[in-house]
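Below is one structure, written out as structure tokens; the observations come after it.
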Amino acid sequence: MIHPTPRLRFAPSPTGPLHLGGARTAMYNWAAARALGGKFLLRIEDTDQARSSDASLQIILTGLKWLGIDWDEGPEKGGDFGPYFQMQRLPLYRAAADRLLASGHAYPCYCTPEEIDAGRKAMEEQKAGFAGYNRRCRNLTAAERSAFEAQGRKPNLRFKMPEARVLQVHDLVRGDVEVNTKELDDWVMLRPDGVPLYNFACVVDDIGMAITHVVRGEEHFLNGIKQRLLFEALGAECPQYAHIPLILNKEGKKLSKRDADTNMLDYRDKGFPPEAVFNYIALLGWGFSGDRDVFTRDEMVAVFQIGNIGKAGARFDEEKLRWMCGEYVRRWTPAQCLERARPWLSRVVPEAAFSSHAAWLRNVVGCYQERITILSEFTDKIGWLFAELPTLDEAAQKNLAKEPASKDWLRGYAEVLEKGNLPPSWPADRTAADAVVALPSKKDAAAPTCAFATPAQIEQECRAFTERIGVKFGNFVHPVRAALTGTDKGPGLFDVIFLLGREACVRRLRAAAAR
RNA sequence: GUCCCGUUCGUCUAGCCCGGCCUAGGACUCCAGAUUUUCAUUCUGGCAACACGGGUUCGAAUCCCGUACGGGAUACCA
């Protein structure tokens, strides 16, 4: 075979949501396919009929799309190697099973679950090391078979494993590994109802779909051995396997529901930027380079190699994920950020405002961009802008009570602002102000020409006022911020005043002074 | 029990395959400082690791063996 087109797949079973580990596996397959110039396909392993659901399938597909992992063949796409749902491929498995039966690689097993269990227990008592199916049906005579049939027993089909063959296999991640088949069972391929089990369906489909490389979790390593033997029995070439370690929690144990959100879409709903999640997950067991952590999908594809995936399990660290999110959020322009944040802004901002106050909202968002890491934080952060009066938190109350004279300052400053040239307050139209003044204001930025006072001008007037009344600027600022925003954190005070506009500022200062 | 894999700062990792450039690099976190009207951002500096024991070698994080610890597997789930 001369360099066939590389074909890789992600083969989820729709029995639950797409979790971090699955997403990472999908991503590595995707990245390898793109890096090799091959195809990436999705195959749905829905043979566990009791647990599979369409809802899960939709969640998985949506999660992949959200992360920017697109597929060339599979659900919603079709392709020349379909069908891509295993339950639609039953005749293919039946045909392969018949071939195996005919070639003596498989045999019918009439054992009941209870009998199998009893056999296993007996082997355990002999403490032979490995305890599995006792292979009772492996060498049944024709007469014995018909006797079982006569009892009405329906046989499973089992694969006949070599008794004690040493296999030298090469794994793209693990390297050369030696495995003795005596550690392996005669495993069940097909149920009486014709529904295949994982290992069997997987191989039939990997052959049928011309898969060349398989990246999957290390829990499949031994399955890989069974599968190699099946490829051999079917006279097909085995794909290159890469078995990667699982994602661990903070304690180094397998990641579970308690440790992190199990559903990729939970991250979406909380406003984690998908690029950041993608970037972070990629880093769990793989490194872009010695000195860079932040990279795009394209940059990853340009350098990705399956062999560079680490052999050791990586722990999921939400703090670094958060940092990564902030890293992406800060790189957006305020306009881009506004677009992204819209679903969360909508919880406090009336829908109409997105067109009527686009420039203002862009400034609001701009002011918080470097203060958040995930988009849902916007919801709580910007509420004060829309309230009649802000709710004072503990720090704000303290800052208002600190200086006895501060109420006079606030009253005085209210007067200054009232007479000043501030933009109007929400919900009045203030496009003339926001369209020309881009927040957050930068120290060394050229002063824009504006019909209203700019933050820089507001600051100038403020400093002049504090001088007039003989108050240290640094002291003055705190009660003002408290009165205006209800807290001690937030954007620059003069951006706040600009954003709030005249009426709101005056109202808030006077209300705080009157407390 | 048996088999397989792994082990570099608290965490993610670079280096390991092809021993010397490693007084082990980067990032997150943390601490200190600078900037500053708060917070945040940004910048500067700092703390902090080759699991342990043998061996090979002039020389080992890098090669070999063992021990310990961790993970995975051992289904009519995938």
Side-chain angles (χ1 to χ4, degrees), chain A residues 11-16 45-48 50-52 109 111-113 116-117 120 124 127-133 156-158 171 173-175 177-180 182-185 187-193 195 197-199 201-202 216-223 225 243 245-246 248 250-254 280 283-294 307 310-324 326-327 330 367-372 395 399 440 443 459 462-463 466 472-478 480-482 485 487-494 496:
Chain A
S13 88
T15 53
E45 310 213 327
D46 53 357
T47 54
D48 186 342
R51 297 191 300 143
S52 293
C109 167
C111 294
T112 64
I116 293 166
D117 228 44
R120 193 192 319 279
E124 272 165 16
K127 36 185 188 152
F130 174 78
Y133 172 56
N156 283 312
L157 222 56
R158 281 187 190 269
D171 188 282
V173 166
R174 291 194 173 194
V177 183
E178 214 177 76
V179 179
N180 193 318
K182 72 180 182 196
E183 301 297 330
L184 270 3
D185 241 341
W187 47 280
V188 176
M189 305 187 320
L190 201 63
R191 293 195 185 93
D193 61 2
V195 178
L197 264 64
Y198 170 69
N199 284 117
C202 185
R216 80 232 296 195
E218 68 179 4
E219 71 269 26
H220 287 298
F221 181 80
L222 228 41
N223 286 329
I225 304 297
H243 291 95
L246 275 24
L248 278 13
K250 272 204 147 56
E251 285 73 47
K253 305 285 181 197
K254 191 170 175 172
Y280 177 74
L283 247 19
L284 251 26
W286 182 79
F288 178 78
S289 73
D291 55 5
R292 248 184 88 187
D293 282 344
V294 183
K311 299 164 196 59
R315 303 180 194 212
F316 175 72
D317 179 10
E318 181 156 341
E319 279 197 273
K320 188 156 184 179
L321 204 209
R322 287 286 193 135
W323 165 80
M324 184 73 77
E327 203 65 18
R330 271 173 258 130
C367 283
Y368 280 98
Q369 233 175 308
E370 60 192 28
R371 294 179 169 79
I372 61 149
N399 283 344
K443 273 270 173 295
E459 173 169 2
C462 179
R463 285 183 187 273
T466 56
K472 237 179 105 188
F473 181 73
N475 293 337
F476 178 77
V477 130
H478 299 294
V480 173
R481 169 182 295 282
T485 69
T487 182
D488 66 337
K489 307 175 191 5
L493 183 58
F494 305 103
V496 163

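Chain identifiers are assigned alphabetically (A, B, ...) following the order of the sequence lines, protein sequences preceding nucleic acid strands; residue numbering begins at 1 within each chain.
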Restricting to nitrogen or oxygen on both sides, can you table the protein-nucleotides 41-52 of chain B pairs closer than 3.5 Å?
unit_1 : atom_1 : unit_2  : atom_2 : d
U42(B) : OP1    : R330(A) : NH1    : 3.2

Pairs under 3.5 Å (N/O, protein and nucleotides 32-37 of chain B):
unit_1 : atom_1 : unit_2  : atom_2 : d
U37(B) : OP1    : R463(A) : NH2    : 3.0
U37(B) : O2     : R481(A) : NH2    : 3.4
U37(B) : N3     : L493(A) : N      : 3.3

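Atom pair K489(A):NZ and U38(B):P shows a separation of 13 Å (rounding to whole Å applied). With rounding to whole Å, N180(A) atom CG is found 15 Å from U2(B) atom P. Following rounding to the nearest Å, W286(A) (CH2) and G26(B) (C1') show an atom-to-atom distance of 15 Å. For the pair L283(A) CG and A14(B) C1', the interatomic distance rounds to 12 Å; values are reported in whole Å. What separates CG of D171(A) from C1' of C17(B) is a distance of 16 Å, to the nearest Å. When rounded to the nearest whole Å, the span between CG of D317(A) and C1' of C9(B) equals 14 Å. The interatomic distance linking N399(A) (CG) with C39(B) (P) rounds to 11 Å, in whole Å. Rounded to whole angstrom, the span from the CG atom of L321(A) across to the C1' atom of U29(B) amounts to 14 Å.
In this entry U2(B) has A73(B) as its Watson-Crick or G-U wobble partner, both defining distances falling under 3.5 Å. A68(B) is paired with U7(B) under the Watson-Crick or G-U wobble criterion, all donor-acceptor distances under 3.5 Å. Pairing of U36(B), defined by two Watson-Crick or G-U wobble distances under 3.5 Å, is not identified with any nucleotide. Of all nucleotides present, none satisfies the Watson-Crick or G-U wobble test against U62(B) with each distance under 3.5 Å.
Side-chain atoms of D185(A) and R120(A), non-hydrogen and from C-beta on, do get closer than 4.5 Å to each other. Residues P440(A) and R371(A) are not in side-chain contact: their nearest non-hydrogen atoms beyond the backbone lie 4.5 Å or more apart. With a 4.5 Å cut-off on side-chain heavy atoms, V294(A) and W323(A) count as touching. Side-chain contact between D171(A) and F221(A) is present, with heavy atoms from C-beta onward closer than 4.5 Å. Taking 4.5 Å as the limit, some side-chain heavy atom of M324(A) sits within range of a side-chain heavy atom of L283(A). For the pair T47(A) and Y198(A), the minimum side-chain heavy-atom distance is 4.5 Å or more. Between P192(A) and N156(A) there is a side-chain heavy-atom pair separated by less than 4.5 Å. H243(A) has its side chain within reach of R216(A): a pair of non-hydrogen atoms, C-beta onward, lies under 4.5 Å apart.
A residue-by-residue look at S289(A) and E319(A) shows that S289(A) has its nearest nucleotide of RNA chain B further toward the 5' end.
As judged by a 4.0 angstrom heavy-atom cut-off over every strand, G310(A) is placed among residues making no nucleic acid contact. If you check every strand for non-hydrogen atoms under 4.0 Å, L284(A) touches sugar and phosphate atoms only. Across all strands, E178(A) comes closer than 4.0 Å only to sugar-phosphate atoms, never to a base (heavy-atom distances).
Here the shortest heavy-atom pairing between Y280(A) and R315(A) reads OH-O, 4.0 Å. The minimum heavy-atom distance linking R51(A) with D48(A) is given by the pair NE-OD2, 2.8 Å. Closest of all the heavy-atom pairs between L222(A) and L184(A) is CG-CD1, 3.4 Å.
Judged purely by distance below 3.5 Å, without hydrogens or angles, the side chains of S13(A) and T15(A) pair a donor atom with an acceptor atom.
Comparing U35(B) with G26(B), their C1' atoms are spaced 25 Å from each other, to the whole Å. One C1' atom belongs to G25(B), the other to U37(B), and the distance between them is 39 Å to the nearest Å. One P atom belongs to U7(B), the other to C17(B), and the distance between them is 14 Å to the nearest Å. Taking atom P in both G54(B) and G59(B), the straight-line distance is 15 Å, to the nearest Å. Across the C1' atoms, U8(B) and A60(B) are found 14 Å apart, a figure rounded to whole Å. Nucleotides C16(B) and U11(B), compared at atom P, are 22 Å apart to the nearest Å. Comparing the P positions of G19(B) and C31(B) gives a spacing of 43 Å, expressed to the nearest Å. Comparing the C1' positions of G15(B) and C76(B) gives an interatomic distance of 48 Å, to the nearest angstrom.
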## Note on the structure
Readout for nucleotides 66-78 of chain B: B = base within 4.0 Å of protein heavy atom, S = sugar-phosphate only, - = neither; 5' to 3' it is ----SSSSSSBBB
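Classified by interplanar angle (parallel below 30°, tilted 30° to 60°, perpendicular above 60°), the ring pair F473(A)/F494(A) is parallel.
You'll find a donor-acceptor pair under 3.5 Å spanning the side chain of K320(A) and the base of A27(B), going by distance alone.
In this structure, C202(A) SG and N223(A) CG are separated by 8.0 Å, a value rounded to the nearest 0.5 Å.
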